[in-house]
Amino acid sequence: MDFYIFDLRFNFHGILDDYVSVPITRSYVKKTSFTISVPPSAKNLSLLKKGRLMAKQNDLEHAYIIETIEYADGNDNSLMATVFSLHHLLKKRIVLGQQSFNGPIGQVMSNFVIANAVNPVNTNRIIPSLVISADNNFGPITTETCLDEQLDDWLFEIGNKFGVSWDILFDYEHKQFIFKVWQGVDRSEKQNANSRVIFAKEFDNVISQDYVDSDSDYRSTAIVAGEGEGAERKRVTVNDEKSGFERDELFVDARDLQSTYQDENGQEVTIPTSEYESVLIERGKNKLSEHQKIQTLDSELDFNSSFKYERDFFLGDIISVKNTKLGLILHTRITQVVETYSKEGKTLKAEFGSNIPSIIDKIKKAVK
């Protein structure tokens, strides 16, 4: 597998084929990064420069941006580059001031990008060649409000709440970066609209499985405190109908959200009380989405089986995973895929559903 090298102005600089190993990581729920190791040479150093892009020759649209170059003159004697998925471009911007948008979730996410990176009031904030996909206007209606957060982190936060993801696609032909909101396809056993993908040992397409069922980090009810002081502070409760042992409370400090604020033009904006309460409720829902029940049947898949990655199923799709011995079947989303290329060939590893390292780490801490 060869890698093509470009710069941010879409100029082609050459082909990288002299590498030791490359773990290409793509995630549905977060930005990703990895390190590529190559033999130290003037040619390789001339290709791998900070700010340049690298992409697989057969998948140019999913490019990665080089952030760090390192060389260690030791036993390994290698030149290493740390690269990030193109989501990283939006880390260069914050949601400036308090901003609020309403509409389908895909359009709401697009509006935050337009306001802070495509068509901001301050033209110095424009990210060159960044455009919005025409296919983003989909999903449930929502109102989302944000104040001074990193743009990429905020987009993942609200996207994860609705089960959608987003990408910055490298469009070499038209010389542009495309902000695209997308959603995986349901290929699980519980539906009939799409071809089903089921992994189980009895089907000889699973190598090993680990099961986790935990409520250790779960919260069902969010008490959200907004503007004001002491007893006068504005409060709303999300899922207040939960009671008894079914009620697990989470306090959310949303003092940053104000009913009166200045927009980018310096104009004072006052939000009606009912709208401000809706803003606080959405903040509570966002935080509750980070504290879900964990039930995962983590499976090491045999990618040489009948189901082929990027033919029968893709990153973000919902598939079914079975364990007959435990009598379990879970319908779970593929949240991350790591493709590792080396001289020995290619290997693949997938992660599912709630099996996100940061959450699993919380579970392990609680168990200890």
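Computed from heavy atoms alone, side chains included, the values below leave out hydrogens, waters and symmetry copies. Bear in mind that the values here come from a model prediction, so they are computed numbers and not experimental data.
- Both Leu89 and Ile132 belong to a common hydrophobic cluster when Ile, Leu, Val, Met, Phe, Trp and Tyr are linked at side-chain heavy-atom distances under 4.5 angstrom.
- Between Lys180 and Glu61 there is no salt bridge, since no side-chain nitrogen of the basic residue lies less than 4.0 Å from a carboxylate oxygen of the acidic one.
- Among pairs with a residue in residues 165-177, those fulfilling salt bridge (charged side-chain N to carboxylate O under 4.0 Å, His left out) read Arg26-Asp167, at least two apart in sequence or across chains.
- Residues satisfying the ring-ring contact (aromatic ring centres under 6.0 Å, His included) criterion with Tyr28, sequence neighbours excluded, are Trp182.
- The side-chain hydrogen bond (donor to acceptor under 3.5 Å, both in side chains) analysis of residues 129-138, with sequence neighbours excluded, yields the pairs Ser110-Asn136.
- Ring-plane geometry between Phe170 and Phe177 is classed as tilted, the angle between the planes lying from 30 to 60 degrees on a 0 to 90 degree scale.
- For the pair Asn205 (side chain) and Ile198 (backbone), a donor-acceptor distance under 3.5 Å is present.
- Look at Lys349 and Glu351 and you find no salt bridge, because none of the NZ, NE, NH1 or NH2 atoms lies under 4.0 Å from a carboxylate O.
- In the hydrophobic clustering, Leu250 connects to Val224, Val236, Val238, Val252, Leu257, Tyr261, Val269, Ile271, Tyr276, Val279, Leu280, Ile281, Leu288, either directly or through intervening members, whenever side-chain heavy atoms lie under 4.5 Å apart.
- Counting heavy-atom neighbours within 6.0 Å of Lys92 NZ, excluding the residue itself, gives a total of 12 or less.
- For Arg311, the CZ atom is densely surrounded, since the number of other residues' heavy atoms within 6.0 Å is greater than 12.
- Taking the charged nitrogens against the carboxylate oxygens, Glu144 and Lys161 do have a contact shorter than 4.0 Å, which makes a salt bridge.
- Note that the CG atom of Leu155 and the NZ atom of Lys91 stand 12.5 Å from one another [nearest 0.5 Å].
- Remark: of the listed residues Asn111, Asp148, Asn116, Asn116 is the sole one forming a side-chain hydrogen bond (donor to acceptor under 3.5 Å, both in side chains) with Gln99.
- For the pair Asp152 and Lys31, the salt-bridge criterion is met [side-chain N within less than 4.0 Å of a carboxylate O].
- Pairs passing the salt bridge (charged side-chain N to carboxylate O under 4.0 Å, His left out) check and including a residue from residues 95-116, sequence neighbours excluded, do not occur.
- Partners of Glu339 by salt bridge (charged side-chain N to carboxylate O under 4.0 Å, His left out), not counting sequence neighbours, listed by chain and number: Lys56, Lys346.
- Side-chain contact annotation: Thr143 with Asn102, donor-acceptor N/O pair under 3.5 Å present.
- Arg233 has a carboxylate O that lies under 4.0 Å from a charged side-chain N of Asp253, or vice versa, which qualifies the two as a salt bridge.
- To the nearest 0.5 Å, atoms CZ (Arg9) and CG (Leu53) are separated by 11.5 Å.
- Shown here are the salt bridge (charged side-chain N to carboxylate O under 4.0 Å, His left out) partners of Asp256, two or more places apart in sequence or in another chain: Arg283.
- Here Tyr211 pairs with nothing under the ring-ring contact (aromatic ring centres under 6.0 Å, His included) rule; sequence neighbours left out.
- Scored by the salt bridge (charged side-chain N to carboxylate O under 4.0 Å, His left out) test, Asp204 finds no partners at all (sequence neighbours excluded).
- For Phe101, the ring-ring contact (aromatic ring centres under 6.0 Å, His included) criterion is met by Phe112, not counting sequence neighbours.
- Between His88 and Phe84, the two ring planes are parallel [angle under 30°; tilted spans 30° to 60°].
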Exercise for the section: Could you walk me through whether Arg247 and Glu249 pass the salt bridge (Lys or Arg N to Asp or Glu O under 4.0 Å) test, one step at a time? Expected result: CA-CA 6 Å; Arg247 187 180 179 101; Glu249 294 180 344; 2.7 Å; yes

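- Using cut-offs of 30° and 60° on the angle between ring planes, the pair Tyr341 and Phe3 is perpendicular.
- Checked against a 6.0 Å centroid threshold, the rings of Phe313 and Tyr309 count as neighbours.
- The existence of a salt bridge linking Asp213 and Lys293 is excluded, since no basic side-chain nitrogen approaches an acidic carboxylate oxygen closer than 4.0 Å.
- In this model, no donor atom of one side chain and acceptor atom of the other lie less than 3.5 Å apart for Thr25 and Thr32.
- For Trp166, the ring-ring contact (aromatic ring centres under 6.0 Å, His included) partners two or more places apart in sequence, or in a different chain, are His87, Phe156, Phe179.
- Residue Leu169 is found in a hydrophobic cluster whose other members, listed by chain and number, are Val131, Ile178; membership requires side-chain heavy atoms under 4.5 Å apart, directly or through intermediates.
- Transitive grouping of hydrophobic side chains (ILVMFWY, heavy atoms separated by less than 4.5 Å) keeps Ile5 and Tyr172 in distinct clusters.
- Within 6.0 Å of NZ in Lys325 there are 12 or fewer heavy atoms belonging to other residues, nucleotides or ligands.
- When the shell of 6.0 Å around CD of Glu241 is examined, it contains more than 12 heavy atoms from other residues, nucleotides or ligands.
- Val38 and Leu47 fall within the same hydrophobic cluster, defined by Ile, Leu, Val, Met, Phe, Trp and Tyr side-chain heavy atoms under 4.5 Å apart, directly or through other members.
- The cluster map of Ile, Leu, Val, Met, Phe, Trp and Tyr, joined by side-chain heavy atoms under 4.5 Å apart, puts Phe10 and Leu60 in the same cluster.
- At a cut-off of 3.5 Å, with distance as the only test, no side-chain donor of Gln191 or Asp186 sits close to an acceptor on the other residue.
- Looking only at side-chain heavy atoms (C-beta outward), Ile319 and His331 stay at 4.5 Å or farther from each other.
- By the rule that hydrophobic residues join a cluster once side-chain heavy atoms approach within less than 4.5 Å of another member, Ile168 and Tyr4 end up as members of one cluster.
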Practice task
Just do the salt bridge (Lys or Arg N to Asp or Glu O under 4.0 Å) check on Asp317 and Arg187 with the steps written out, would you?
Solution key: CA-CA 7 Å; Asp317 286 354; Arg187 304 181 189 277; 2.6 Å; yes

